[in-house]
Amino acid sequence: KSPRRDSCRTLCGTPSYMAPEIIKQQGGYDGKSVDFWALGITLFELCFGLDKSPFGFYEAIPVADCFRRVLTKDADFDETPPQALSLKTISFIRKLLTRNPRDRLTIAKAKDHPFFKRITWEKVARLECPPICAIVETAESGYLEQCAALEEEFTKFGDYSGTLEE
């Protein structure tokens with residue numbers, strides 16, 4: 001079967017962020033889907049620490065080993081997550097790092113994920129959402145950034161019992 005006309009065919013990118021379908025080089029791949037994979041890697045690193053990787057890249061390893069791990073190892077969420085992460089956050093990252101691109105989150109599925117339950121996407125599209133942070137001038141002739149309190153969903157502390165599919 002020949003690749004779709006609108007599919008990508010090049011082996012390019014940072015090895016530890018490459019989606020399995022890029023590494024396999026079996027015909028074309030969907031550029032958006034591989035971007036969602038890379039987003040999953042990035043979010044994992046931001047949430048678990050830049051020295052962590054869902055596939056165990058804690059130090060420099062040969063590219064071939066990096067590719068082998070991405071193709072054969074499941075993302076490692078066994079480590080206790082930082083307390084600020086909710087189960088919905090972990091579930092969202094896990095679904096971005098689904099090896100089969102047909103089962104990976106798409107933009108439509110991502111917007112419907114419980115991680116974004118408080119987002120009204122129609123308001124986002126109309127630019128009707130208030131900014132997370134507002135810059136205000138202080139009396140001392142400087143500027144002070146005042147950030148609105150983050151939603152509880154992103155700063156939840158406490159119980160981690162339950163399933164990651166919530």
Side-chain angles (χ1 to χ4, degrees), residues 1-50 52-57 63 65-82 84-133 148 150-156 160-166:
K1 183 178 174 184
S2 64
R4 294 183 354 223
R5 288 174 137 303
D6 60 342
S7 65
C8 302
R9 295 180 189 84
T10 57
L11 178 66
C12 62
T14 303
S16 59
Y17 289 78
M18 283 187 192
E21 59 269 32
I22 295 175
I23 297 168
K24 289 179 184 176
Q25 292 187 299
Q26 297 173 336
Y29 57 86
D30 177 16
K32 290 179 183 177
S33 180
V34 301
D35 288 346
F36 272 85
W37 174 274
L39 175 62
I41 300 287
T42 302
L43 289 174
F44 185 99
E45 290 176 344
L46 290 172
C47 292
F48 285 83
L50 291 174
K52 304 283 191 292
S53 162
F55 302 101
F57 310 133
V63 172
D65 288 344
C66 172
F67 287 172
R68 182 184 47 75
R69 289 181 187 187
V70 168
L71 294 175
T72 62
K73 189 177 182 319
D74 288 331
D76 183 7
F77 288 88
D78 292 337
E79 181 178 324
T80 304
L85 291 182
S86 70
L87 292 175
K88 291 175 186 173
T89 303
I90 295 169
S91 170
F92 183 69
I93 296 169
R94 185 182 298 277
K95 290 178 185 285
L96 289 169
L97 295 177
T98 299
R99 191 172 286 118
N100 186 333
R102 283 175 261 141
D103 298 330
R104 195 173 301 142
L105 285 179
T106 61
I107 189 67
K109 290 179 189 175
K111 288 166 70 173
D112 285 338
H113 191 277
F115 180 78
F116 291 114
K117 74 179 181 182
R118 296 182 182 180
I119 303 292
T120 305
W121 293 105
E122 294 78 18
K123 286 185 176 183
V124 171
R126 294 189 306 265
L127 304 176
E128 295 175 357
C129 295
I132 293 174
C133 294
L150 292 175
E151 295 288 342
E152 178 185 333
E153 181 59 36
F154 302 103
T155 58
K156 179 182 173 195
Y160 288 94
S161 59
T163 66
L164 293 178
E165 299 304 314
E166 293 181 324

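We use all heavy atoms of the structure for the numbers below, so side chains are in, but hydrogens, waters and symmetry mates are not. Residues: numbered from 1 along the sequence shown. Bear in mind that the values here come from a model prediction, so they are computed numbers and not experimental data.
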>> A side-chain contact here means heavy atoms from C-beta on lying under 4.5 Å apart; do Lys73 and Arg68 qualify?
In response: no
> Do the ring planes of Phe115 and Phe92 sit parallel (below 30°), tilted (30 to 60°) or perpendicular (above 60°)?
Replying inline: parallel
> So, do Phe116 and Lys111 sit near enough that their side-chain heavy atoms are less than 4.5 Å apart?
Replying inline: no
>> Rounded at 0.5 Å granularity, tell me how far NE2 in His113 sits from CD1 in Ile119.
In response: 13.5 Å
>> Going by the rule salt bridge (Lys or Arg N to Asp or Glu O under 4.0 Å), which residues pair with Asp112 if we only count those two or more places apart in sequence or in a different chain?
In response: none
> Rounded to the nearest 0.5 Å, how far apart are CG of Leu39 and CG of Leu97?
Replying inline: 9.0 Å
> With sequence neighbours left out, what residues match Leu127 under side chain to side chain contact (heavy atoms under 4.5 Å, CB included)?
Replying inline: none
> OG of Ser33 to CD1 of Ile107: how many Å apart, nearest 0.5 Å?
Replying inline: 12.0 Å
> Looking at residues at least two apart in the chain, or sitting in another chain, which of them share a side-chain hydrogen bond (donor to acceptor under 3.5 Å, both in side chains) with Asp74?
Replying inline: Arg99
> Atom CD in Glu45, atom OG in Ser16: separation rounded to 0.5 Å?
Replying inline: 6.5 Å
> Which distance, rounded to the nearest 0.5 Å, do you find between the CG of Leu43 and the CD1 of Ile93?
Replying inline: 5.5 Å
>> Run the salt bridge (Lys or Arg N to Asp or Glu O under 4.0 Å) test on Arg102 and Glu21 for me, step by step, so that the C-alpha distance in whole Å, both residues' side-chain angles and the decisive distance to 0.1 Å come before the verdict.
In response: CA-CA 11 Å; Arg102 283 175 261 141; Glu21 59 269 32; over 6 Å; no
>> Are the side chains of Pro20 and Arg104 in contact, using a 4.5 Å heavy-atom criterion?
In response: yes
> Does the side-chain contact (heavy atoms from CB on, under 4.5 Å) test come out yes or no for Ile23 and Val70, once each step is laid out?
Replying inline: CA-CA 9 Å; Ile23 297 168; Val70 168; 3.7 Å; yes
>> Determine whether the aromatic ring centres of residues Trp37 and Tyr17 are separated by less than 6.0 angstrom.
In response: no
> Partners of Phe44 by ring-ring contact (aromatic ring centres under 6.0 Å, His included), sequence neighbours excluded?
Replying inline: Phe48, Phe77
> Between Ser91 (side chain) and Leu87 (backbone), is there a donor-acceptor pair under 3.5 Å?
Replying inline: no
>> Applying salt bridge (Lys or Arg N to Asp or Glu O under 4.0 Å), can you list everything that pairs with Arg126, at least two apart in sequence or on another chain?
In response: Glu128
> Is the NZ atom of Lys109 crowded by more than 12 outside heavy atoms at less than 6.0 Å?
Replying inline: yes
> Checking Ser86 side chain against Thr89 main chain: does a donor-acceptor pair fall under 3.5 Å?
Replying inline: yes
>> Please report the interatomic distance CG(Leu71) to NZ(Lys24), rounded to the nearest 0.5 Å.
In response: 6.5 Å
